[in-house]
Amino acid sequence: MFGEQGKTTEHIAWEVRFLSECDQNFTNRAEASQFFSSRAWEYLTEGQLDTAAYRFNLAWLLNANNADPYWGLGVICYQQNKTAESIRLLKKGLEVADTNAVLMTDLATVELKHYKETKDNELLEDAIEVLNKALKYDLTNANTFMRLSWANFAKGDYTASWENLHKARSLDLSAVDLVFIQELREKMPDPKGFFK
């Protein structure tokens, strides 16, 4: 979002040219926005954060109702250890894509990381609320259950933590964190006896 700063005359003139070129080369601005978002995700995957951020900014300029720019910029902030800024951007993404369960899980993941750093219980409670909402839209994401398991662990609810861990395991064993299992076993043995 170009740093959410005031725009210079030169920047405004550049935006007008850019939008005009996109209007000539794409069916509509939403399609153009999706194109630049797709390229941005590719750059992000390759670790080219600056190029990815620039492409996400272009996508946002074309369509502020595309959740990908907020999501992608939030991921970039997370990778740069700017967790508070990441949370803010991911929440903006959810304002325009309020049923996106994967985005919700990403938001909760960042909130849980920030909770580990700050011990702010509001972050923990919000993460749990967001994860439960994500499960209303998608019960097949093992990562959502793993994050919920960790959140339950942080609250001291080891029974619920085990329940969610087993739900994650049944969906995708590779999503299970073996270090976390050991920490959980130290608090409470696996009620199902699967992890010994």
Side-chain angles (χ1 to χ4, degrees), residues 1 4 33-34 36-60 63-155 160-161 164-165 167-180:
M1 295 168 284
E4 299 176 293
S33 178
Q34 202 54 56
F36 283 102
S37 289
S38 296
R39 300 296 80 71
W41 286 116
E42 290 170 10
Y43 285 117
L44 183 58
T45 302
E46 294 168 3
Q48 298 182 44
L49 302 186
D50 289 343
T51 305
Y54 183 68
R55 294 297 188 275
F56 281 126
N57 278 300
L58 296 177
W60 170 81
N63 180 10
N65 290 320
N66 178 356
D68 282 345
Y70 305 108
W71 192 353
L73 291 169
V75 170
I76 290 169
C77 286
Y78 178 77
Q79 290 185 4
Q80 296 171 333
N81 292 315
K82 300 175 185 171
T83 50
E85 181 64 7
S86 177
I87 289 168
R88 186 182 75 82
L89 288 164
L90 294 171
K91 284 186 174 187
K92 282 186 138 200
L94 279 175
E95 288 174 15
V96 296
D98 64 352
T99 61
N100 188 320
V102 177
L103 177 51
M104 290 175 203
T105 299
D106 280 1
L107 169 60
T109 299
V110 177
E111 288 180 321
L112 291 171
K113 180 181 190 286
H114 204 44
Y115 166 77
K116 284 182 184 179
E117 298 164 352
T118 64
K119 299 302 180 209
D120 180 346
N121 282 323
E122 284 185 33
L123 286 166
L124 179 59
E125 294 301 328
D126 193 62
I128 291 170
E129 185 178 322
V130 169
L131 290 166
N132 283 320
K133 184 175 179 185
L135 291 173
K136 290 180 182 176
Y137 296 104
D138 182 6
L139 289 169
T140 65
N141 188 340
N143 287 327
T144 306
F145 285 107
M146 273 309 302
R147 299 303 176 266
L148 195 52
S149 177
W150 191 91
N152 296 141
F153 178 86
K155 287 193 74 154
S161 185
N164 284 303
L165 189 142
K167 288 175 184 174
R169 173 190 59 82
S170 68
L171 291 167
D172 181 3
L173 187 58
S174 68
V176 175
D177 179 345
L178 299 178
V179 174
F180 173 64

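When reading the values below, keep in mind they use all heavy atoms of this one structure, side chains included, and skip hydrogens, waters and symmetry mates.
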Notebook entry, point to check: Roughly how far apart are Trp150 CH2 and Leu124 CG, rounded to 0.5 Å?
Noted result: 7.0 Å
Check: Nearest heavy-atom pair of Tyr115 and Asp120: which atoms, and what distance?
Finding: CD1-O, 3.2 Å
Item checked: Value rounded to 0.5 Å, distance of CG in Asn164 from CG in Leu148 -> 4.0 Å
Notebook entry, point to check: Should Thr51 and Arg39 count as side-chain neighbours, where that means a heavy-atom distance under 4.5 Å?
Noted result: no
Checklist line | Salt bridge flag under 4.0 Å for residues Lys92 and Glu95 | finding: no
Checklist line | Pairing residues for Lys113 by the side-chain contact (heavy atoms from CB on, under 4.5 Å) criterion, not counting sequence neighbours | finding: Tyr78, Asn81, Thr83, Glu117
Next item on the list: Identify the heavy atoms of Leu90 and Leu107 that sit nearest to each other, and give their distance.
Entry: CD1-CA, 3.8 Å
Margin query: Please evaluate residues Leu73 and Glu85 with respect to the criterion side chain to side chain contact (heavy atoms under 4.5 Å, CB included), reporting the C-alpha separation (whole Å), side-chain torsions for both, the decisive distance (0.1 Å), and the verdict.
Written below: CA-CA 9 Å; Leu73 291 169; Glu85 181 64 7; over 6 Å; no
Check: For the residue pair Ser149 and Leu165, what are the closest heavy atoms and their distance?
Finding: OG-CB, 3.6 Å
Note to self: Here's a test for you: under side-chain hydrogen bond (donor to acceptor under 3.5 Å, both in side chains), which of Asn66, Asn65, Asn63 qualifies with Ser33?
What the structure shows: Asn66
Checklist line | Any side-chain heavy-atom pair of Glu111 and Glu129 under 4.5 Å | finding: no
Margin query: Here's a test for you: under ring-ring contact (aromatic ring centres under 6.0 Å, His included), which of Tyr70, Trp41, Tyr43 qualifies with Phe56?
Written below: Trp41
Notebook entry, point to check: Is Asp126 reaching over with its side chain to a backbone N or O of Glu122, donor-acceptor style, under 3.5 angstrom?
Noted result: no
Item checked: Note, Asp138 side chain near Thr144 side chain (heavy atom, < 4.5 Å) -> no
Notebook entry, point to check: Closest heavy-atom contact between Leu139 and Phe145?
Noted result: O-CE1, 3.5 Å
Check: CE/Met104 to CG/Leu135 distance, rounded to the nearest 0.5 angstrom?
Finding: 10.0 Å
Next item on the list: Answer yes or no: are there more than 12 heavy-atom neighbours, outside Lys136 itself, under 6.0 Å from its atom NZ?
Entry: no
Note to self: Could you report the tightest heavy-atom contact between Ser161 and Phe180, atom names first, then the distance?
What the structure shows: OG-CZ, 3.6 Å
Checklist line | Interatomic spacing from CG in Leu173 to CG in Leu178 - rounded to 0.5 Å | finding: 8.0 Å
Next item on the list: Search all heavy atoms of Trp71 against all heavy atoms of Asn100 and return the closest pair with its distance.
Entry: CZ3-ND2, 3.4 Å
Checklist line | Reported CG-to-CD1 distance for the pair Leu123 and Ile128, which is rounded to 0.5 angstrom | finding: 11.0 Å
